[in-house]
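Just below is one structure, and these are the notes that go with it.
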Amino acid sequence: MLEARSIVKTYTIPGQETITILRGVNLNVAAGEMVTIVGASGSGKTTLLNMLGTLDTPDSGDIMFNGMPILSNGGFTLNPKALASFRNTKIGFVFQFHHLLSDFSAAENVAMPEFIATGKLKPAIEKAEELLQSLGLGNRLSHLPSELSGGEQQRVAIARALMNSPMMVLADEPSGNLDSKNSRILYDLIAKLSKEHKTSFIIVTHNEEYAATADRCLSMEDGILH
Ligand SMILES: Nc1ncnc2c1ncn2[C@@H]1O[C@H](COP(=O)(O)OP(=O)(O)OP(=O)(O)O)[C@@H](O)[C@H]1O
Ligand SMILES: [Mg+2]
């Protein structure tokens with residue numbers, strides 16, 4: 001489903017030498033597959049997720065999504081509008097710090113992207129409530145983020161990522177600073193979702209024990225994914 005080839009990314013800070021973060025990363029992910037990525041801090045895991053999610057461009061490399069070229073020789077093949085639409089409909093993001101909007105309820109946070117896209121509030125809220133229900137948050141719909149536990153906030157962030165039924169979810173340390181029991185609950189939930197909905201998950205984690213339970217566990221070392 002996803003095919004990334006020879007992704008190279010360097011950073012140059014003015015007055016300093018150029019550093020190469022990704023030295024030619026290759027990655028294939030099948031539909032419904034759950035892949036974990038581990039690696040030292042600073043090894044380029046978030047950088048890679050940003051490239052796969054089309055949030056940033058590499059220096060060179062190619063990405064195909066369902067056989068369609070998205071990135072060719074380091075440049076996007078779609079114009080900005082088509083690219084945004086691709087990203088909004090096909091990819092879900094879960095960030096390490098979940099970026100929930102503090103003035104909006106759990107249901108409103110999950111519904112927001114769809115509401116913005118369609119301008120219709122009621123169907124968006126209904127779908128959001130259904131999703132939250134399925135993630136065990138049916139009795140937290142109108143809670144503000146500050147009224148939710150860390151694990152509950154992470155589940156709201158996952159519900160938001162799943163709102164548009166993406167084909168692929170990119171998750172950067174989704175268990176963030178959860179304790180081991182809540183991490184386990186969260187990861188079991190992700191495994192269930194990937195199998196039930198045939199959603200592919202690429203999950204960056206520092207939890208090596210969990211990482212080993214995925215369909216495939218890869219390691220980022222010296223700018224290469226092993
Ligand atoms: N915009 C930028 N400009 C310059 N250097 C950057 C930039 N973004 C990231 N880097 C550097 O690239 C390297 C990889 O960063 P990245 O965030 O991908 O690491 P990571 O593997 O996600 O680490 P962590 O596990 O700590 O989250 C780091 O050394 C970082 O300093
Ligand atoms: Mg990171």
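Whatever order the structure lists ligands and atoms in, that order sets their numbers, starting from 1.
Closest heavy-atom approach to atom 22 (O) of ligand 1 among the candidates Leu49, Thr46, Asp56: Thr46. Considering Ile19, Ile21, Thr10 only, the shortest heavy-atom separation from atom 12 (O) of ligand 1 involves Ile21. Summarising the contacts of atom 21 (O) of ligand 1 with Met220, Gln16, Met51, Lys45, the nearest heavy atom is found in Lys45.
The distance from ligand 1 to the heavy atoms of Thr47 drops below 4.0 Å at these ligand atoms: 14 (C), 15 (O), 16 (P), 18 (O). Distances below 4.0 Å separate heavy atoms of Ala40 from the following atoms of ligand 1: 21 (O).
Side chains of Thr10 and Asp59: a donor-acceptor N/O pair is present below 3.5 angstrom, by distance only. Between the side chains of Asn28 and Arg5, at least one donor-acceptor pair of N or O atoms lies under 3.5 Å. Ser175 and Tyr187 share a side-chain donor-acceptor pair at under 3.5 Å. In summary, the side chains of Thr46 and Asp172 do present a donor paired with an acceptor at a separation below 3.5 Å, with no hydrogens or angles considered.
Contact annotation for atom 4 (C) of ligand 1: protein present (non-hydrogen atoms, distance under 4.0 Å). Within a 4.0 Å radius of atom 26 (O) of ligand 1, the protein contributes at least one heavy atom.
Nearest protein heavy-atom contact of atom 14 (C) of ligand 1 is Gly42 O, 3.3 Å. The single protein non-hydrogen atom nearest to atom 9 (C) of ligand 1 is Tyr11 CE1, 3.5 Å, given as residue, atom name and distance.
Other residues, nucleotides and ligands place no more than 12 heavy atoms under 6.0 Å from the NZ atom of Lys120. In the displayed structure, Glu147 atom CD is contacted under 6.0 Å by more than 12 heavy atoms of other residues, nucleotides or ligands. Atom CG of Asp222 has 12 or fewer neighbouring heavy atoms from other residues, nucleotides or ligands inside a 6.0 Å radius. Enclosure of atom CD in Glu209 is not indicated, since only 12 or fewer non-hydrogen atoms of other residues, nucleotides or ligands lie within 6.0 angstrom.
In this structure, Pro174 and Val204 approach most closely via the heavy-atom pair CD-O, 3.6 Å.
Residue-ligand proximity: Ser43 is placed with a non-hydrogen atom under 4.0 Å from ligand 1. For the ligand labelled ligand 1, residue His206 lies inside the 4.0 Å heavy-atom shell.
Considering backbone and side-chain N/O atoms, Gly44 comes within less than 3.5 Å of an N/O atom of ligand 1.
At a cut-off of 2.8 Å, Thr47 is not counted among the residues with an N, O or S atom near the Mg ion (ligand 2).
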